[in-house]
Q: 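This is the structure I want to talk about, given as structure tokens.
Count residues from 1 along the sequence.
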Amino acid sequence: MNASTQALSDSLFRPMIDPFGRTIRYLRVSVTDRCDLRCFYCMSEDMTFLPKADLLTLEELDRLCSAFVAKGVRKIRLTGGEPLVRRNVMSLVRSLSRHLTTRALDELTLTTNGSQLARFAQELADCGVRRVNVSLDTLDPVKFRAITRWGDIDKVLSGIEAARSAGLAVKINAVALKNMNEDEIPALMQWAHGKAMGLTLIEVMPMGDIGEGRIDQYVPLSLLRARLEKHYTLTDLADDTGGPARYVRVAETGGKLGFITPMTHNFCESCNRVRITCTGTLHTCLGHEDASDLRRPLRASDDNELLSAAIDRAIGLKPKGHDFIIDRRHNRPSVSRHMSVTGG
């Protein structure tokens with residue numbers, strides 16, 4: 001191998017280390033910005049979605065993910081929107097599962113609203129997916145329809161049971177919503193832990209114009225934790241997944257409870273992840289307007305030399321942390337893009 005070929009090879013497989021010494025090992029990929037629900041804290045009711053022609057093909061998404069695997073990513077999470085509404089999305093899952101077989105990838109997983117999970121749970125398990133996160137903010141059918149605007153909670157609950165029957169570990173993600181579900185958190189926790197499922201609570205994030213302000217939706221998780229501690233024994237855990245959640249063990253249920261606090265606590269010190277949108281834009285931070293186009297270098301050449309260089313440039317710009325704030329004066333989001341575009 002000559003010197004130039006060796007240099008190219010080193011660049012293609014060089015580990016991704018950001019300016020603050022954090023090694024990037026976790027990739028979240030939004031396969032679509034579309035969703036079959038319209039949760040009021042995430043989307044406006046009359047959302048305008050991207051033209052399908054703007055989306056990367058599933059083959060391009062596979063190549064892009066594989067380039068990140070070659071550069072040291074060990075975990076891939078497929079997100080949306082709702083990833084399971086993307087046509088033929090299971091072909092992408094099946095293709096990416098080859099990296100599990102070769103052990104180049106430790107985990108392939110996804111976050112879903114659960115509405116389509118009954119259809120795909122067994123196939124996901126067959127592809128080597130071992131766990132999924134399901135977004136579910138309430139067990140009350142009336143509240144569920146109000147939050148999602150038209151969702152059917154029975155479909156989600158059936159999807160959760162199908163996932164469990166297929167052997168998938170399920171974790172529930174719930175966004176804490178002021179005057180909507182905050183009083184229901186204990187019951188949601190007991191239900192989840194009773195089925196051996198973890199529960200993670202998430203603060204409302206000021207992302208995208210949803211037609212209404214976040215101030216009336218936001219409740220700090222420090223307040224909810226204080227309320228829980230009046231009735232439950234919470235013991236902090238040292239679990240470090242590289243993600244934003246901080247975990248406790250609930251003595252009375254035996255289950256794990258997570259807190260994701262983008263507003264009350266910056267969780268960026270150990271951030272090891274980046275996000276790719278369905279159009280091929282790389283965001284190195286959820287809470288910044290940073291954006292690096294990977295679609296152009298992806299399509300410019302059949303090899304990954306240009307793509308790898310573009311990834312390296314983007315990682316070199318990753319900020320130390322996010323600056324989420326709910327703008328009370330102008331009542332506008334901190335970040336203009338919607339979570340469904342970024343891939344939450």
Q: Do you know the tightest heavy-atom contact between A192 and G198?
A: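 Reported closest heavy-atom pair: CB-O, 4.2 Å.
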Q: Checking R119 side chain against G159 main chain: does a donor-acceptor pair fall under 3.5 Å?
A: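 Judged by distance alone, no pair lies under 3.5 Å.
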Q: As an exercise, state the distance from CG of L188 to CG of L136, rounded to the nearest 0.5 Å.
A: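 That separation rounds to 6.0 Å.
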Q: With no hydrogens and no angle check, do the side chains of S115 and N113 hold a donor and an acceptor under 3.5 Å apart?
A: yes
Q: Mind checking whether L157 and L139 have side chains closer than 4.5 Å, heavy atoms only?
A: yes
Q: Would E229 and R225 pass as an ion pair if we require N to O under 4.0 Å?
A: yes
Q: Taking T102 for its side chain and H99 for its backbone only, find out whether a donor-acceptor pair lies under 3.5 Å.
A: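 At least one qualifying donor-acceptor pair exists.
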Q: Given the rule that I, L, V, M, F, W and Y join up when any side-chain heavy atoms are under 4.5 Å apart, are V142 and Y41 in one cluster?
A: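 No.
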Q: For a 4.5 angstrom cut-off between non-hydrogen side-chain atoms, does T284 reach P319?
A: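 Side chain of T284 against side chain of P319, heavy atoms only: contact under 4.5 Å found.
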Q: Following the transitive rule for hydrophobic clusters with a side-chain heavy-atom cut-off under 4.5 Å over Ile, Leu, Val, Met, Phe, Trp and Tyr, establish whether L307 and L317 coincide in one cluster.
A: no
Q: Any idea which heavy atoms bring K171 and Y247 closest together, and the distance?
A: CE-OH, 4.3 Å
Q: Are the side chains of K318 and F20 in touch, meaning some heavy atoms are under 4.5 Å apart?
A: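 No; the side chains remain at least 4.5 Å from each other.
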Q: Drop me the distance from I76's CD1 to D106's CG, to the nearest 0.5 angstrom.
A: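 Taking CD1 in I76 and CG in D106, the distance rounds to 11.0 Å.
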Q: Judged by atom type as modelled, is there a donor-acceptor pair below 3.5 Å linking the side chain of T109 to the main-chain atoms of R131?
A: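 Yes.
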Q: Please report the shortest heavy-atom distance between G81 and S30, naming the atom on each side.
A: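 Of all heavy-atom pairs spanning G81 and S30, the closest is N-OG, 4.4 Å.
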Q: Given side chains that start at C-beta, do those of L96 and L78 come closer than 4.5 Å, heavy atoms only?
A: yes
Q: Apply the side chain to side chain contact (heavy atoms under 4.5 Å, CB included) test between L56 and each candidate in T281, L294, V31, L298; give the one that qualifies.
A: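 By the side chain to side chain contact (heavy atoms under 4.5 Å, CB included) criterion, L56 pairs with just one of T281, L294, V31, L298: L298.
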Q: Between A104 and V69, what is the shortest heavy-atom contact and its length?
A: CB-CG1, 3.8 Å
Q: Roughly how far, to the nearest 0.5 Å, is CZ of R149 from OG of S44?
A: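 Between atom OG of S44 and atom CZ of R149 there are 7.0 Å.
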Q: Check whether any side-chain heavy atom of N304 sits under 4.5 Å from a side-chain heavy atom of R63, and report yes or no.
A: yes
Q: Under 3.5 Å, is there a donor-acceptor pair between the side chain of N88 and the main chain of S91?
A: no
Q: Please determine whether a side-chain nitrogen of the Lys or Arg among D312 and K71 lies less than 4.0 Å from a carboxylate oxygen of the Asp or Glu.
A: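 Salt bridge: yes.
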Q: With the threshold set at 4.0 Å, does a side-chain nitrogen-carboxylate oxygen contact exist between K155 and D152?
A: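 Salt bridge between K155 and D152, a charged N being under 4.0 Å from a carboxylate O: no.
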Q: Does some side-chain heavy atom of M180 sit less than 4.5 Å from a side-chain heavy atom of D137?
A: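 The answer is no, as the side chains (C-beta and beyond) never meet within the 4.5 Å cut-off.
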Q: Look at atom CZ of R227 and say whether more than 12 heavy atoms of other residues, nucleotides or ligands are closer to it than 6.0 Å.
A: yes
Q: Check this for me, if you would: do E161 and R164 make a salt bridge, where the nitrogen-to-carboxylate-oxygen distance has to be below 4.0 angstrom?
A: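 R164 and E161: salt-bridged.
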Q: Say you draw a straight line from CD of E182 to CG of L177; how long is it, rounded to the nearest 0.5 Å?
A: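 It is 9.0 Å, given to the nearest 0.5 Å.
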Q: Is there a donor in the side chain of E82 and an acceptor in the side chain of T112, or the other way round, less than 3.5 Å apart?
A: yes
Q: Report the C-alpha separation of I276 and F68 in whole Å, then their side-chain angles, then the decisive distance to 0.1 Å, and conclude whether the side-chain contact (heavy atoms from CB on, under 4.5 Å) test is met.
A: CA-CA 11 Å; I276 292 176; F68 276 88; 3.3 Å; yes
Q: Apply the test salt bridge (charged side-chain N to carboxylate O under 4.0 Å, His left out) to residues R295 and E60: give CA-CA distance (whole Å), side-chain angles for both, the deciding distance (0.1 Å), then the verdict.
A: CA-CA 9 Å; R295 178 169 59 181; E60 288 174 325; over 6 Å; no
Q: With distance as the sole test, does R249 use its side chain to make a donor-acceptor pair with the main-chain N or O of G254 at under 3.5 Å?
A: yes
Q: Take T277 and H283 through the side-chain contact (heavy atoms from CB on, under 4.5 Å) test and state the conclusion after the steps.
A: CA-CA 8 Å; T277 73; H283 296 289; 3.5 Å; yes
Q: Which value, rounded to the nearest 0.5 Å, describes the distance between F144 atom CZ and N181 atom CG?
A: 12.0 Å
Q: Please answer: with hydrophobic residues joined when any side-chain heavy atoms are less than 4.5 Å apart, are I24 and I17 in the same cluster?
A: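 No, it is not one cluster - the side chains of I24 and I17 are not joined through contacts under 4.5 Å.
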Q: Compare every heavy atom of L117 with every heavy atom of I160, then report the nearest pair and how far apart it is.
A: N-CD2, 4.3 Å
Q: Within the side chain of H193, is there an N or O that forms a donor-acceptor pair under 3.5 Å with the backbone of K256?
A: yes
Q: Assess the residue pair C35 and V85 against the criterion (side-chain contact (heavy atoms from CB on, under 4.5 Å)); give the C-alpha distance rounded to whole Å, side-chain angles, the decisive distance to 0.1 Å, and a yes or no.
A: CA-CA 7 Å; C35 188; V85 302; 5.9 Å; no
Q: Can you find a heavy atom in the side chain of L58 that is under 4.5 Å from one in the side chain of D62?
A: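 Answer no - side chains too far apart.
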Q: Taking NZ, NE, NH1 and NH2 as the nitrogens, is one of them in R77 or E107 under 4.0 Å from a carboxylate oxygen of the other?
A: no
Q: With side chains defined as the heavy atoms from C-beta onward, is the minimum distance between M16 and N272 less than 4.5 Å?
A: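 Side-chain contact under 4.5 Å: no.
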Q: Go through it in stages, so that I can follow the logic: the residues are E252 and M189, the test is side-chain contact (heavy atoms from CB on, under 4.5 Å), and I'd like the CA-CA distance, side-chain angles, deciding distance and then a yes or no.
A: CA-CA 11 Å; E252 290 76 6; M189 179 183 71; over 6 Å; no
Q: Any chance you could measure D36, atom CG, to Q116, atom CD, to the nearest 0.5 Å?
A: 5.0 Å
Q: Closest approach of P83 and G80, non-hydrogen atoms and distance?
A: CD-N, 3.7 Å
Q: Quick check: are there more than 12 heavy atoms from other residues, nucleotides or ligands sitting under 6.0 Å from CG of D302?
A: no
